[in-house]
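First comes the structure, then the notes that go with it.
Each ligand, and each atom within it, is numbered from 1 in the order the structure gives.
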Amino acid sequence: MIVLNLVKSSLLVACRSATNQYRHNITSNLRLTTVRLFSSNGESYEYDLVVIGGGSGGLACAKEAVQFGAKVAVLDFVKPTPLGTKWGLGGTCVNVGCIPKKLMHQASLLGEAIHDSQAYGWEIEKPENVKINWTKLTESVQNHIKSVNWVTRVDLRDKKVEYINGLGYFKDPHNVHVVLKNKTERTLNTKYVVIACGGRPNYPDIPGAVEFGITSDDIFSLEREPGKTLVVGAGYIGLECAGFLKGIGYDVSVLVRSIILRGFDQQMAELVKASMAEKGVEFQVGAKPLSVEKQDNGKLLVKWAFNDNPSDVKQDVVDTILFAIGRHALVEDMQLDRAGIKVINGKIDVDVNSKTNVDNIYAVGDVLYKKPELTPVAINAGRIIARHLFNNSKEVMDYEDVATTVFSPLEYGSVGLSEENAISRHGEDNIEVYHAYYKPTEFFVPQRSVRYCYLKAVALREGDQKILGMHFLGPAAGEIIQGFAAALKSGITMKILKNTVGIHPTVAEEFTRLLITKRSGVDPTPATCCS
Ligand SMILES: Cc1cc2nc3c(=O)[nH]c(=O)nc-3n(C[C@H](O)[C@H](O)[C@H](O)COP(=O)(O)OP(=O)(O)OC[C@H]3O[C@@H](n4cnc5c(N)ncnc54)[C@H](O)[C@@H]3O)c2cc1C
Ligand SMILES: *[C@@H]1O[C@H](CO)[C@@H](O)[C@H](O)[C@H]1NC(C)=O
Ligand SMILES: *[C@@H]1O[C@H](CO)[C@@H](O)[C@H](O)[C@H]1NC(C)=O
Ligand SMILES: *[C@@H]1O[C@H](CO)[C@@H](O)[C@H](O)[C@H]1NC(C)=O
Ligand SMILES: *[C@@H]1O[C@H](CO)[C@@H](O)[C@H](O)[C@H]1NC(C)=O
């Protein structure tokens with residue numbers, strides 16, 4: 001008894017003497033045991049951290065946390081879609097988001113390139129026979145995803161993060177219950193929990209939607225060709241799906257309730273829409289879907305109402321209807337009330353340290369209330385949580401000026417404020433907007449339309465004119481805006497931009513040549529415009 005107490009107290013001393021019990025790279029089992037047996041309040045837990053959700057945010061957090069010696073488990077479980085689509089470890093971005101989307105966008109750009117190549121001298125025997133093999137495309141995309149799933153699993157094993165393929169829910173703030181894939185159950189007792197459950201697409205509450213419709217969760221692995229497709233919703237996911245489907249050769253229409261790309265700069269949004277319409281995507285604005293019926297020939301009869309007028313009904317017959325009307329966070333299965341976690345509009349709010357209203361529970365990624373739903377945002381915030389919990393870090397996640405790109409065939413990249421937000425924050429008199437239409441050199445030869453190649457910088461009017469927002473519509477917009485995002489974070493002004501020598505001939509150099517202000521009323525179209 002005396003000996004045991006002695007061991008115990010000396011362990012406690014050892015533990016307390018470290019400014020932070022996780023701070024050092026703890027390699028010996030003894031020290032690891034010390035950490036787990038005597039955490040700050042003297043209670044002991046089976047795990048230091050349980051992460052619910054193995055997507056962008058959860059995995060980043062878990063992998064960072066083990067570096068500091070924490071014992072970590074990650075739960076990940078994917079419920080199949082109504083159509084039956086399911087996928088592996090890694091979350092939305094890898095399986096049904098960024099990655100397959102970018103690959104299909106690329107497939108669509110390559111189609112345009114094949115077309116353009118003839119003007120550059122490539123001889124294509126029967127250009128009219130050039131077409132996509134959907135089966136081959138989805139196979140290639142899915143093979144890449146499976147390799148990423150596999151690498152992710154190996155990485156977790158190497159880093160000693162325990163991966164549990166099961167659905168988790170709270171019993172109380174320190175106990176997470178898991179229903180494993182084989183229906184066995186276990187409870188994980190843990191000091192901290194990070195909620196990283198992400199979200200899934202919504203279906204409208206209309207007849208036939210769930211039965212006959214699909215979402216972005218299904219499109220990237222759809223076994224049949226999509227064919228003529230109706231996309232419902234004009235957020236970035238709807239537009240991107242519409243864009244690549246059109247680009248690879250299918251008839252596409254988009255039903256828009258009211259606004260295109262809500263939350264984005266609306267002048268740019270209208271240009272994105274116009275650039276897509278020019279490529280043949282049809283837009284039905286003011287349309288609200290009413291019903292989906294399956295006809296005897298297997299095609300879908302879709303009806304929608306115009307301008308909330310139930311007697312103004314239009315219809316179309318399509319092969320596929322894809323709903324992209326918004327997403328909800330996966331909070332419903334988690335029994336958050338048992339842990340006392342508050343939910344606002346179906347999401348979870350956190351403080352600057354990403355902590356929920358419950359002391360030992362944190363949250364990250366798409367589940368968060370009023371935060372950008374983007375992979376790098378989730379990853380950065382996830383890592384910062386781990387450093388905060390296990391390395392005493394004071395760093396906080398900066399959600400300001402996060403750059404993003406819409407991969408509509410002609411890409412729209414932006415960072416910072418939209419023109420309307422800059423005006424509402426600073427007043428129209430205090431804002432200067434520089435803008436221009438431009439002509440990518442490589443567009444001339446194949447006589448591609450340059451009508452929507454446009455960019456603008458939104459700046460303060462006074463002094464050196466600090467830049468508040470940058471917007472670019474054109475090829476490789478994501479690649480271009482990424483660098484300017486770092487410049488904007490560093491406080492770039494119009495003076496600096498004008499003093500920057502461009503790289504010629506590129507499209508990114510157009511930012512260094514911005515001279516015309518909107519206020520001047522001068523036509524921003526280049527004099528020698530070609531189309
Ligand atoms: C079509 C599409 C395109 C996108 N394109 C881009 C893009 O180009 N760039 C970009 O930055 N972002 C993009 N995104 C957004 C990006 O995918 C998300 O922001 C990101 O995946 C959020 O990460 P997360 O960790 O919050 O959740 P997720 O990555 O969604 O991961 C959450 C995981 O937790 C699992 N889970 C949920 N509840 C439980 C539970 N109770 N128990 C166990 N497991 C659970 C889920 O099944 C899922 O696997 C796109 C999204 C979509 C849908
Ligand atoms: C921790 O220490 C081990 C053994 O010295 C080493 O292999 C490992 O790279 C270290 N990890 C970190 C994150 O420093
Ligand atoms: C399309 O690709 C699949 C998978 O690679 C292949 O089996 C099929 O024969 C291809 N179809 C055509 C028409 O070439
Ligand atoms: C269920 O799976 C877990 C984890 O793979 C395993 O430990 C357990 O033995 C399995 N139970 C049954 C009944 O198969
Ligand atoms: C952990 O904290 C130490 C001390 O502040 C710091 O030097 C180190 O860079 C941190 N490690 C990581 C991976 O952030």
Side-chain angles (χ1 to χ4, degrees), residues 19-20 22-25 50-61 64-65 67-68 74-80 86-102 104-105 131-140 143 164-170 176-180 194-201 215-217 219-220 225 235-238 240-241 244 322 324 326-327 329-336 363-368 371-379 381-384 386-388 390-395 402-407 411 478:
T19 39
N20 179 311
Y22 297 100
R23 181 122 152 210
H24 306 288
N25 181 352
V50 167
V51 178
I52 306 178
S56 310
L59 292 175
C61 180
E64 189 81 358
Q67 287 194 47
F68 305 114
V74 175
L75 317 182
D76 192 54
F77 188 80
V78 179
K79 284 192 181 173
K86 46 186 200 281
W87 52 90
L89 177 61
T92 303
C93 181
V94 167
N95 294 285
V96 288
C98 338
I99 301 300
K101 174 280 286 296
K102 184 77 187 283
M104 293 213 170
H105 171 62
K131 61 178 177 56
I132 198 87
N133 179 333
W134 175 261
T135 308
K136 174 74 183 169
L137 172 62
T138 49
E139 272 176 17
S140 302
N143 283 342
I164 301 173
N165 186 198
L167 188 72
Y169 61 86
F170 283 97
V176 176
H177 196 71
V178 197
V179 181
L180 298 175
V194 168
I195 299 170
C197 58
R200 292 288 287 267
T215 67
S216 57
D217 280 356
I219 188 71
F220 305 111
E225 272 197 290
Y236 84 92
I237 293 172
E240 289 178 341
C241 290
F244 70 66
L322 187 152
R327 298 171 62 81
L330 284 176
V331 293
E332 68 265 32
D333 295 326
M334 258 183 306
Q335 314 254 16
L336 296 177
V364 70
D366 285 5
V367 68
L368 296 182
K371 297 287 191 302
E373 294 182 17
L374 293 168
T375 273
V377 170
I379 291 175
R383 288 192 183 136
I384 289 170
R387 291 182 206 134
H388 172 73
F390 304 114
N391 198 36
N392 241 352
S393 167
K394 298 278 176 286
E395 196 185 343
V402 172
T404 184
T405 291
V406 180
F407 294 91
E411 299 175 10

**Request:** Provide, to 0.1 Å, the distance between atom 31 (O) of ligand 1 and the closest protein heavy atom, together with that atom's residue and name.
**Result:** G55 CA, 3.2 Å
**Fill in**
Per-atom filter on ligand 5: closer than 4.0 angstrom to a heavy atom of F68 are 11 (N), 12 (C), 13 (C)
**Complete:** Exactly one of F244, F220, W87 clears side chain to side chain contact (heavy atoms under 4.5 Å, CB included) with P100, and that residue is F220
**Prompt:** Rounded to the nearest 0.5 Å, how far does CG of D217 lie from NZ of K86?
**Reply:** 13.5 Å
**Item:** Atoms in ligand 3 flagged as close to K136, the criterion being non-hydrogen separation under 4.0 Å
**Value:** 2 (O), 5 (O)
**Spacing of CD belonging to E373 relative to CG belonging to L368, to within rounding of 0.5 Å** = 9.0 Å
**Complete:** Closest to atom 44 (N) of ligand 1 among protein heavy atoms sits F77 N, 3.0 Å
**Proximal candidate to atom 7 (C) of ligand 1 [heavy atom criterion; set C98, P100, G57, C197]** = C98
**Item:** atom 42 (N) of ligand 1: the protein heavy-atom neighbour that sits closest, reported with distance to 0.1 Å
**Value:** G168 N, 2.9 Å
**R327 side chain vs G199 backbone, donor-acceptor pair below 3.5 Å** = yes
**Request:** Pick whichever of T138, N133, L137, T135 has a heavy atom sitting closest to atom 6 (C) of ligand 3.
**Result:** N133
**Message:** Taking 4.0 angstrom as the limit and counting only heavy atoms of R327, give me the atoms of ligand 1 inside it, by number and element.
**Reply:** 53 (C)
**V96 and ligand 1 - part of the residue with a heavy-atom distance under 4.0 Å** = backbone
**Message:** Strictly by salt bridge (charged side-chain N to carboxylate O under 4.0 Å, His left out), give each pair with a member in residues 88-102 just once, sequence neighbours left out.
**Reply:** K101-E240
**Message:** Below the 3.5 angstrom mark, is there an N/O of L167, backbone or side chain, next to an N/O of ligand 1?
**Reply:** no
**Message:** Among L89, T92, I52, V78, which one puts a heavy atom closest to atom 40 (C) of ligand 1?
**Reply:** I52
**Request:** State whether the side chain of D76 and the backbone N or O of G166 hold a donor-acceptor pair below 3.5 Å, judged by distance alone.
**Result:** no
**Request:** Check whether any side-chain N or O of N95 sits under 3.5 Å from a backbone N or O of G88 as a donor-acceptor pair, and report yes or no.
**Result:** yes
**Prompt:** What residue and heavy atom of the protein are closest to atom 5 (N) of ligand 1, and at what distance?
**Reply:** K101 NZ, 3.0 Å
**Asked** CG of L167 to NE2 of H177: how many Å apart, nearest 0.5 Å?
**Response** 10.5 Å
**Message:** Only heavy atoms of G166, strictly under 4.0 Å: list the atoms of ligand 1 that pass.
**Reply:** 42 (N), 43 (C)
**Complete:** The atoms of ligand 3 lying under 4.0 Å from a heavy atom of E139, numbered in the order shown, are 4 (C), 5 (O)
**Request:** Report the member of A324, G88, G97, C93 with the shortest heavy-atom distance to atom 2 (C) of ligand 1.
**Result:** G97
**Prompt:** Hey, is atom 2 (O) of ligand 3 under 4.0 Å from any protein heavy atom?
**Reply:** yes
**Item:** Test log, rule side chain to side chain contact (heavy atoms under 4.5 Å, CB included), inputs F170 and I195
**Value:** CA-CA 11 Å; F170 283 97; I195 299 170; 3.9 Å; yes
**Message:** For ligand 5 and E64, I'd like to know whether there is a polar contact (N/O to N/O, distance under 3.5 Å).
**Reply:** no
